[in-house]
**Q** 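My structure is below; once you've seen it, I'll send some questions.
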2 protein chains.
Amino acid sequence: MTIAEVSKKYDISADTLRYYERIGLMPPVPRTPGGIRDYDEESCGWIELMKCMRRAGVQIEALIEYVALFQKGDVTIDARKELLIEQRNQLVDRMAEMQESLDRLNDKIERYEQGLMTKEKLLQRMKQEREKEKAEVSDDE
Amino acid sequence: MTIAEVSKKYDISADTLRYYERIGLMPPVPRTPGGIRDYDEESCGWIELMKCMRRAGVQIEALIEYVALFQKGDVTIDARKELLIEQRNQLVDRMAEMQESLDRLNDKIERYEQGLMTKEKLLQRMKQEREKEKAEVSDDE
DNA sequence: GTAGCACCTGGAGTAAACTCCAGGTCAAGA
DNA sequence: TCTTGACCTGGAGTTTACTCCAGGTGCTAC
């Protein structure tokens, strides 16, 4: 498979695919005798994995380390497992934070829907009153 | 409240707090006659909201727009609601993607735990065989 | 009234993750 | 064989979201 085909298949630019290989986000891609990339099933597997992990916000740094360990063979299995567990934990944490934000967004939207906006209207009213007071003080001068 | 106190309270650097105000991620913070920021409840509310949204990955751009709309008053209520809904939808999408990655990570970890690594071992075996073949071809030369 | 520390502004610098470019090869068709 | 379009590499540029800095001002305590 050429880089253009892979680019289309996974919706990742050719530049990004070359970049990923160059920084070690995947093992070297097989080449034709002329030096042109010829992606095989394994390469595609790596691309798909990295696309998935990157979309989830896993740092490139960690993924590079994983690939490096993978390339060192079976002696690194424990280290790889630890790395994955660490990333999983971070992912779970991030998702929990996002859930909080989601709840909050939903709350806010609901309030807009009800035309209530209690908190904000209250705060605005408070602000307006403070400004009115200030204005009155100025008038007294 | 001084910027140092707010910084500590929300665990956001003073530089970031100034930056947030400067780019319009929150309305202007009240000042002392000397020009020093004096955060009130409302400012703190904005900071907390923005911290929450940013942690969830909401783009600063969208948040700036929200604040701008908010400052234009009640006529922008519909636009603000739409903006929030859009951000909520994006958040939901991102969380779904993250869940996919999480499932995948969990799968991988489980396979490491079982010492199976079926897919990868299979791929490696395939690769080794390809290389062996190549080596044999070379020997024939 | 001055030492010293927190705060101010505008602007430059940084990190992560791409993205683009120049100048050069490869390969398939006329 | 020549053209043309896809690919190559190394390196520079871009975007987002901060982070740092220089040079200056505002309080507070001696």
Side-chain angles (χ1 to χ4, degrees), chain A residues 1-26 28-40 43-44 46-47 49-68 87 90-91 94 97-98 101, chain B residues 1-26 28-40 43-44 46-47 49-68 87 90-91 94 97-98 101:
Chain A
M1 261 185 137
T2 68
I3 199 167
E5 287 162 350
V6 175
S7 169
K8 198 164 191 181
K9 181 169 178 189
Y10 294 104
D11 193 33
I12 299 177
S13 79
D15 267 319
T16 299
L17 289 172
R18 285 191 210 100
Y19 167 70
Y20 278 4
E21 186 183 352
R22 157 158 72 174
I23 64 171
L25 205 62
M26 56 186 301
V29 175
R31 307 290 182 115
T32 65
I36 286 174
R37 287 178 184 78
D38 182 21
Y39 292 82
D40 60 6
S43 300
C44 288
W46 281 106
I47 290 165
L49 177 65
M50 291 308 160
K51 182 181 179 179
C52 178
M53 293 301 130
R54 285 295 303 126
R55 279 201 317 180
V58 177
Q59 299 298 108
I60 278 190
E61 195 64 32
L63 296 170
I64 289 174
E65 202 185 327
Y66 180 79
V67 176
Q87 293 308 315
Q90 286 186 22
L91 190 45
R94 282 201 305 277
E97 285 176 0
M98 289 171 85
S101 304
Chain B
M1 262 186 136
T2 68
I3 200 168
E5 286 161 350
V6 175
S7 169
K8 198 165 190 180
K9 181 169 177 189
Y10 295 103
D11 193 33
I12 298 177
S13 79
D15 267 319
T16 299
L17 289 172
R18 285 190 210 101
Y19 167 70
Y20 278 4
E21 185 183 350
R22 159 159 66 175
I23 64 173
L25 206 60
M26 54 187 302
V29 174
R31 306 290 184 118
T32 66
I36 285 173
R37 287 178 184 78
D38 183 20
Y39 292 83
D40 59 6
S43 300
C44 288
W46 281 105
I47 290 165
L49 177 65
M50 292 306 160
K51 182 182 179 179
C52 180
M53 292 301 131
R54 287 295 303 126
R55 280 202 317 181
V58 177
Q59 299 297 109
I60 277 189
E61 195 63 32
L63 298 171
I64 288 174
E65 202 185 327
Y66 180 79
V67 176
Q87 293 308 314
Q90 287 186 22
L91 191 45
R94 282 202 304 279
E97 285 176 0
M98 289 171 87
S101 304

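Each chain gets a letter, A, B and so on, in the order its sequence line appears, and its residues count up from 1.
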**Q** Side-chain contact test, heavy atoms from C-beta onward, threshold under 4.5 Å: evaluate it for B:D15 versus B:Y19 and give yes or no.
**A**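 A side-chain contact under 4.5 Å is absent here.
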**Q** Polar pairs (N or O, both sides) under 3.5 Å between protein and nucleotides 27-30 of chain D?
**A**
{"from": "D:dC27", "atom 1": "OP1", "to": "B:G34", "atom 2": "N", "distance (Å)": "3.4"}

**Q** Under 4.5 Å between any side-chain heavy atoms of B:L25 and B:I60, yes or no?
**A**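 SC-SC contact between B:L25 and B:I60 confirmed.
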**Q** State, yes or no, whether a side-chain contact exists between A:K51 and A:D11 at a heavy-atom distance under 4.5 Å.
**A**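 Touching, per the 4.5 Å side-chain cut-off.
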**Q** For A:E97, what residues pass the salt bridge (Lys or Arg N to Asp or Glu O under 4.0 Å) criterion, not counting sequence neighbours?
**A**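 In terms of salt bridge (Lys or Arg N to Asp or Glu O under 4.0 Å), with neighbours along the sequence ignored, A:E97 is linked to B:R55.
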**Q** Take the protein atom CE of B:M50 and the nucleotide atom P of D:dC18, then report the distance between them rounded to whole Å.
**A**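 So the CE-P distance, B:M50 to D:dC18, works out to 12 Å.
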**Q** Work out which heavy atom in B:V67 is nearest to a heavy atom in B:W46; give both atom names and the distance.
**A**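 Result for this residue pair: CG2-CZ3, 3.7 Å.
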**Q** Side chain of B:R37, heavy atoms from C-beta onward: which of C:dC8, C:dC21, C:dC7 has the nearest atom to it?
**A**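 Among C:dC8, C:dC21, C:dC7, the one nearest the side chain of B:R37 is C:dC8.
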**Q** Please give, in whole Å, the distance from C:dT19 P to A:D11 CG?
**A**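 Interatomic distance, CG of A:D11 to P of C:dT19: 11 Å.
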**Q** Given atom CG of A:L17 and atom P of C:dT19, what is their separation to the nearest angstrom?
**A**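 For the pair A:L17 CG and C:dT19 P, the rounded distance is 11 Å.
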**Q** To the nearest Å, how far apart are A:Y39 OH and D:dC7 C1'?
**A**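 So the two atoms are 11 Å apart, to the nearest Å.
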**Q** For A:R18 and for B:A14, locate the closest nucleotide of DNA chain C by heavy-atom distance; then report the residue assigned to the nucleotide nearer the 5' terminus.
**A**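 Nearest-nucleotide comparison on DNA chain C picks B:A14.
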**Q** Would you mind reading off the distance between B:D38 atom CG and D:dG26 atom C1', rounded to a whole angstrom?
**A**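 In whole Å, D:dG26 C1' and B:D38 CG are 14 Å from each other.
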**Q** Taking only nitrogen or oxygen atoms into account, show me every contact under 3.5 Å that the protein makes with nucleotides 16-18 of chain C, one pair per line with its distance.
**A**
{"from": "C:dA17", "atom 1": "OP1", "to": "A:Q59", "atom 2": "NE2", "distance (Å)": "3.4"}
{"from": "C:dC18", "atom 1": "OP2", "to": "A:Y20", "atom 2": "OH", "distance (Å)": "3.0"}
{"from": "C:dC18", "atom 1": "OP2", "to": "A:R54", "atom 2": "NE", "distance (Å)": "2.8"}
{"from": "C:dC18", "atom 1": "OP2", "to": "A:R54", "atom 2": "NH2", "distance (Å)": "3.3"}

**Q** Which atoms form the tightest heavy-atom contact between A:L17 and A:I47, and what is the distance?
**A**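 Looks like CD2-CD1, 3.8 Å.
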**Q** Roughly, in whole Å, what's the span from CZ in B:R55 to C1' in D:dC18?
**A**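 The answer, rounded to whole Å, is 17 Å.
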**Q** Would you say B:S101 and A:L91 make side-chain contact, with heavy atoms under 4.5 Å?
**A**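 Yes, at least one pair of side-chain atoms sits under 4.5 Å.
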**Q** Could you tell me the separation between the CG atom of A:D15 and the P atom of D:dC8, rounded to a whole number of Å?
**A**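 So the CG-P distance, A:D15 to D:dC8, works out to 10 Å.
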**Q** Picking from B:R37, B:E21, B:R22, what satisfies side-chain contact (heavy atoms from CB on, under 4.5 Å) with B:P28?
**A**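 The side-chain contact (heavy atoms from CB on, under 4.5 Å) with B:P28 is passed solely by B:E21 among B:R37, B:E21, B:R22.
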**Q** Would you say B:R22 places a side-chain N or O within less than 4.0 Å of OP1 or OP2 belonging to C:dG10?
**A**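 B:R22 to C:dG10 OP1/OP2: no side-chain N or O under 4.0 Å.
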**Q** Specify the separation, in whole Å, of atom CD1 of A:I64 and atom C1' of C:dA15.
**A**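 Atom-to-atom, A:I64 to C:dA15, this comes out as 14 Å.
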**Q** Could you check if a side-chain atom of A:M26 sits within less than 4.5 angstrom of a side-chain atom of A:L49, using non-hydrogen atoms only?
**A**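 No - every pair of side-chain heavy atoms lies 4.5 Å or more apart.
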